[in-house]
**Q** 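Have a look at the structure that comes next, please.
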Amino acid sequence: MVRTIHIHNSLTRKKEEFKPIHEGQVGLYVCGPTVYNDVHLGNVRTFMSFDIMYRYLLHSGYKVRYVRNITDVGHLLDDGEDRISRGARLEQLEPMEVVQKYTNRFHAMMDRFNTLRPSIEPRATGHILEQIEMVQAILDKGFAYEKNGSVYFDTIKFAQEKGNYGKLSGRVIEDLQTATRDDLKNQSEKNHPSDFAIWMKADQSHIMKWNSPWSEGFPGWHLECSAMSTKYLGPTFDIHGGGNDLKFPHHENEVAQNVAACSCQPANYWIHTNMLLMNGKKMSKSDGNTISPEELFSGDSPHVSKGYDPMVVKFFMLQTHYSSTLDLSDDALQAAEKGFKKLMDAYKHLQNLDEATATGSTDLDLEINKGIQAAYAAMDDDFSTPKALAQLFELTTKINSLKDGHIKLNELSPEVLDNLKKTMKVFIFDIFGLTNIEDTGSRHLNGVMELIIDLRQSARVNKDWVTADKIRDTLQALNIQLKDGAEGTSWTIN
RNA sequence: GGUCGCGUGGCCGAGUGGUUAGGCAGAGGUCUGCAAAACCUUGUACAGCGGUUCGAAUCCGCUCGCGACCUCCA
């Protein structure tokens with residue numbers, strides 16, 4: 001079953017029904033990280049957002065080819081130094097060592113957030129040939145010019161002949177003229193300030209450089225995505241994603257390069273995720289307004305009062321739509337932690353519910369099925385995780401009521417109970433990719449807790465409240481909370 | 001300065017022109033040996049000022065505040 005999904009398309013700024021080029025298949029390209037240091041939370045948010053989309057498309061029955069690149073050359077700093085070269089210089093490593101090191105660490109971090117690996121994760125340096133070919137193609141079409149061994153994209157000519165430079169980012173070329181900063185590298189070589197380099201001649205000190213028809217040099221930053229998306233997804237594919245800070249110039253230039261090289265739009269749908277804020281400002285690697293994922297996990301940061309599990313952080317992010325800014329705060333994280341545990345507790349209790357005996361369609365059946373459908377409808381509507389979560393919490397209330405006997409299981413039919421179990425599992429684990437955090441307790445701990453709860457129950461039967469409360473309060477001090485319910489006592493680690 | 005977006009109850013955060021978002025916190029209640037948990041009830045919010053409309057948080061205009069992008073950023 002392939003569901004009908006609506007996506008907010010940045011290209012048209014409208015919500016549109018998603019229609020893949022090839023039925024049942026999706027080509028998805030996401031701009032990945034530049035691996036010159038560790039990812040920060042803002043990166044994580046973006047990749048997590050696309051991971052949810054990837055998972056949901058898969059769950060909806062699509063065959064998805066998910067390409068997310070690793071940028072390991074061409075992405076320059078303000079002073080013109082390559083980010084990877086700088087990392088290599090600072091850490092006294094080979095550039096490729098820097099790349100490998102931070103690629104590994106990036107993967108490890110995304111694993112902690114339980115995101116799926118892409119189908120293909122191509123590196124820019126592994127595709128120098130393709131990029132050189134694309135530069136040549138753009139030159140051949142007359143949309144680029146060479147100056148002193150560097151090749152620049154001719155935005156003026158492109159705009160005149162293709163007429164759509166700036167469409168994605170809403171930019172007008174005349175504005176770019178006046179707004180351009182004058183501290184940019186090789187600005188004087190360009191015919192026009194809005195032109196951009198697609199091949200750059202390397203100076204003597206540059207470590208990372210390759211032979212090309214124009215010079216020994218390296219590709220422009222925007223070029224890799226154009227070349228690699230074309231190679232792995234074809235000249236036109238379904239969805240291109242990235243953070244909205246990439247919209248201009250990166251994505252705008254990417255589109256221009258593809259259109260110039262082959263006269264085709266690279267992606268039918270563009271999806272841009274919004275920024276993660278902290279203290280009301282964009283969380284950003286370059287200006288230091290940031291908290292690292294590790295600091296967030298350990299609590300070792302002035303911005304948080306304690307550490308938060310990656311799953312809590314993920315849950316926190318899921319409560320906001322990907323297209324909205326999200327302001328990180330300790331209060332919000334604490335609230336998210338409780339909400340997350342409530343959801344996971346309910347899921348655990350759901351597993352113990354059995355023997356639904358109603359026949360036919362009861363009111364409760366209808367209500368639960370309606371909630372399930374609403375959760376799917378929310379995801380179909382531009383991947384609205386907050387709305388879907390709200391539905392899961394409605395279901396959570398029902399589950400807890402059933403658990404406590406406030407609603408009787410004989411008001412529920414077995415089919416609907418099964419459907420409920422299946423849906424909760426699919427959403428929590430398959431679509432949201434959450435995992436249990438209290439399962440860190442081993443089998444041993446489970447056994448010990450069973451024994452302790454059993455002993456306390458004996459004490460309670462004997463009205464030995466001193467012993468019963470001592471057990472409870474001591475465990476509480478260890479952050480293990482006992483929960484006395486109708487069907488016995490359960491426990492969680494807080 | 002240009003472009004775009006946002007401003008929702010104590011906090012976070014959804015939102016289609018008329019119907020309960022949801023989470024956390026708070027209040028009352030049920031349950032419980034007590035407590036916790038859970039469940040039930042509860043808050044009457046949409047920056048301000050105008051306008052359109054039978055009706056606007058939702059559309060339009062203005063004002064104020066905030067943020068993003070404007071060739072480093074997910």
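In what follows, every chain begins at residue 1, and chains take the letters A, B, ... in the order their sequences are listed.
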**Q** For the P atoms, the ones on B:G13 and on B:A68, what distance do you get once it is rounded to whole angstrom?
**A**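 That atom pair is separated by 15 Å.
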**Q** Taking atom C1' in both B:G9 and B:U42, what distance in whole Å separates the two?
**A**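 Per the computed distance, 13 Å lies between those C1' atoms.
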**Q** By side chain to side chain donor-acceptor pair (under 3.5 Å), which residues pair with A:H240, not counting sequence neighbours?
**A**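 Listed in chain order: A:E254.
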**Q** Write down the partner of B:G5 under the Watson-Crick or G-U wobble criteria, each distance required to be under 3.5 Å.
**A**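 For B:G5, the partner nucleotide comes out as B:C66, under the 3.5 Å rule.
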**Q** Taking only residues two or more places apart in sequence, or in another chain, which ones meet A:E411 in a salt bridge (Lys or Arg N to Asp or Glu O under 4.0 Å)?
**A**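 Residues passing salt bridge (Lys or Arg N to Asp or Glu O under 4.0 Å) with A:E411: none at all.
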**Q** B:G13 C1' sits how many Å from A:Q334 CD, rounded?
**A**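 Interatomic distance, CD of A:Q334 to C1' of B:G13: 17 Å.
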**Q** Roughly how many Å apart are B:C24 and B:C60, using the P atom of each and rounding to a whole number?
**A**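 So the two P atoms sit 35 Å from each other.
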**Q** Measure from CE on A:M379 to P on B:A14 and round the result to the nearest Å.
**A**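 Interatomic distance, CE of A:M379 to P of B:A14: 14 Å.
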**Q** B:G22, OP1 or OP2 - any side-chain N/O from A:K387 closer than 4.0 Å?
**A**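 So the side chain of A:K387 is outside the cut-off, no N or O lying under 4.0 Å from OP1 or OP2 of B:G22.
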**Q** If I pick the P atom on B:G7 and the same atom on B:A14, what distance separates them, to the nearest angstrom?
**A**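 Looking at atom P only, B:A14 and B:G7 are 9 Å apart.
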**Q** So which atom in A:F218 and which in A:V73 form the shortest heavy-atom distance, rounded to 0.1 Å?
**A**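 Nearest pair, atom of A:F218 first, then A:V73: CB-CG2, 4.3 Å.
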**Q** Might you work through the side-chain contact (heavy atoms from CB on, under 4.5 Å) test for A:Y29 and A:I239, ending with a clear yes or no?
**A** CA-CA 6 Å; A:Y29 189 94; A:I239 303 172; over 6 Å; no
**Q** On RNA chain B, does the nearest nucleotide to A:L276 precede the nearest nucleotide to A:N244 from the 5' side, or the other way round? Give the residue.
**A**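 The residue mapped nearer the 5' terminus is A:N244.
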**Q** Name all residues meeting the side chain to side chain donor-acceptor pair (under 3.5 Å) criterion together with A:T467; count only those two or more places apart in sequence or in a different chain, and write none if there are none.
**A**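 Once residues adjacent in sequence are excluded, the partners of A:T467 under the side chain to side chain donor-acceptor pair (under 3.5 Å) criterion are A:D464.
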**Q** Taking only residues two or more places apart in sequence or in another chain, which ones pass salt bridge (Lys or Arg N to Asp or Glu O under 4.0 Å) with A:D327?
**A**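 A:D327 satisfies salt bridge (Lys or Arg N to Asp or Glu O under 4.0 Å) with no other residue.
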**Q** I'd like a table of donor-acceptor pairs (distance under 3.5 Å, sequence neighbours excluded) in which one partner is a side-chain atom from residues 386-396 of chain A, with atom names and distances.
**A**
{"residue": "A:K387", "atom": "NZ", "partner": "A:D381", "partner atom": "OD2", "Å": "3.0"}
{"residue": "A:T396", "atom": "OG1", "partner": "A:L392", "partner atom": "O", "Å": "2.9"}

**Q** Tell me whether A:E337 is salt-bridged to A:K306, with the criterion being a basic N under 4.0 Å from an acidic carboxylate O.
**A**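 Answer for the salt bridge query: yes.
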**Q** Between B:G26 and B:C64, how far apart are the two P atoms, rounded to whole Å?
**A**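 After rounding to an integer number of Å, I get 40 Å for this pair.
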**Q** For nucleotides B:G48 and B:G10, find the distance between their P atoms and express it as a whole number of Å.
**A**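 Rounded to whole Å, the distance is 13 Å.
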**Q** Check each residue of residues 303-321 of chain A for a non-hydrogen atom within less than 4.0 Å of any atom in RNA chain B, then write out the ones that pass by number, or none.
**A**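 A:Q319, A:T320, A:H321 - these, ordered by number, are the residues of the stretch whose heavy atoms sit under 4.0 Å from the strand.
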**Q** Go through the structure and list residues passing side chain to side chain donor-acceptor pair (under 3.5 Å) with A:K483, not counting sequence neighbours.
**A**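 A:K483: side chain to side chain donor-acceptor pair (under 3.5 Å) contacts with A:D345.
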**Q** Measure CZ/A:F393 against C1'/B:U20 and give the value in whole Å, please.
**A**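 That distance rounds to 17 Å.
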**Q** Produce a footprint string for nucleotides 33-42 of chain B: one letter per nucleotide, 5' end first; B if the base is under 4.0 Å from any protein heavy atom, S if only the sugar-phosphate is, - if neither.
**A** BBBBBBSS--
**Q** Could I get the full list of side chain to side chain donor-acceptor pair (under 3.5 Å) partners for A:R68, not counting sequence neighbours?
**A**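 Expected list: A:E121.
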**Q** So, the side chain of A:R45 versus the backbone of A:M317: is there a donor-acceptor pair under 3.5 Å, distance only?
**A**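 Pair absent, no side-chain N/O of A:R45 close to backbone of A:M317.
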**Q** Strictly below 4.0 Å: does A:S324 bring a side-chain N or O up to OP1 or OP2 of B:A14?
**A**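 For A:S324, the contact criterion (side-chain N or O under 4.0 Å from OP1 or OP2 of B:A14) is met.
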**Q** With a 4.0 Å cut-off on heavy atoms, is A:G42 in touch with a base, just the backbone sugar-phosphate, or nothing at all?
**A**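 Here A:G42 touches the bases of the nucleic acid.
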**Q** Could you check A:K167 against A:E252 for salt bridge (charged side-chain N to carboxylate O under 4.0 Å, His left out), going step by step and ending with a plain yes or no?
**A** CA-CA 8 Å; A:K167 183 186 177 194; A:E252 194 65 67; over 6 Å; no
**Q** Taking only the P atom of each, what is the distance from B:G29 to B:C34 in whole angstrom?
**A**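 Straight-line distance between the two P atoms is 15 Å.
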**Q** At 4.0 Å (heavy atoms only), tell me whether A:L333 reaches a base, stays on the sugar-phosphate, or touches nothing.
**A**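 The residue A:L333 makes no contact with any strand.
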**Q** Just checking A:K247: base, sugar-phosphate only, or nothing, at a heavy-atom cut-off of under 4.0 Å?
**A**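 Nothing: the residue A:K247, judged by heavy atoms under 4.0 Å, touches no strand.
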**Q** What does B:U30 pair with, Watson-Crick or G-U, if both distances are under 3.5 Å?
**A**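 Matched B:U30 with B:A38 under the 3.5 Å cut-off.
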**Q** Protein-nucleotides 57-59 of chain B N/O pairs closer than 3.5 Å?
**A**
none

**Q** Calculate the interatomic distance between A:E337 atom CD and B:C12 atom C1'; express it in whole Å.
**A**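 A:E337 atom CD is separated from B:C12 atom C1' by 15 Å.
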**Q** Can you tell me the base-pairing partner of B:U58? Count Watson-Crick or G-U wobble geometry only, both distances below 3.5 Å, and say none if there is no partner.
**A**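 B:U58 is paired with nothing.
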**Q** Sequence neighbours excluded, which residues qualify as salt bridge (Lys or Arg N to Asp or Glu O under 4.0 Å) partners of A:E450?
**A**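 None.
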**Q** Please compare A:D331 and A:Q391 by the position of their nearest nucleotide in RNA chain B and report the one closer to 5'.
**A**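 Whichever sits nearer the 5' end wins; that is A:D331.
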**Q** Just how far, in rounded Å, is P of B:C4 from CG of A:L246?
**A**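 A:L246 atom CG is separated from B:C4 atom P by 20 Å.
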**Q** Would you classify A:E394 as touching base, sugar-phosphate or nothing, given that sugar-phosphate means primed atoms plus P, OP1 and OP2, and contacts are heavy atoms under 4.0 Å?
**A**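 Since only primed, P, OP1 and OP2 atoms lie under 4.0 Å of A:E394, the category is sugar-phosphate.
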**Q** Taking pairing as Watson-Crick or G-U wobble with both contacts under 3.5 Å, can you name the mate of B:U52, or confirm there isn't one?
**A**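 Because no pair has both required distances under 3.5 Å, B:U52 counts as unpaired.
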**Q** Whole-Å distance between B:C70 C1' and A:H250 NE2?
**A**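 In whole Å, B:C70 C1' and A:H250 NE2 are 17 Å from each other.
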**Q** Measure CG/A:L343 against C1'/B:G23 and give the value in whole Å, please.
**A**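 After rounding, the gap between these two atoms is 11 Å.
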**Q** For B:U44 versus B:A36, give the span between their C1' atoms, rounded off to a whole number of Å.
**A**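 Each nucleotide's C1' atom is 31 Å from the other's.
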**Q** Which whole-number value in Å describes the distance from A:M275 CE to B:C6 C1'?
**A**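 Distance, rounded to whole Å: 15 Å.
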**Q** So if I take every side-chain heavy atom of A:F248 and compare against B:C24, B:C70, B:A74, which nucleotide ends up nearest?
**A**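 Out of B:C24, B:C70, B:A74, the nucleotide with an atom closest to A:F248's side chain is B:C70.
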**Q** Partners of A:E91 by salt bridge (Lys or Arg N to Asp or Glu O under 4.0 Å), sequence neighbours excluded?
**A**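 In terms of salt bridge (Lys or Arg N to Asp or Glu O under 4.0 Å), with neighbours along the sequence ignored, A:E91 is linked to A:K101.
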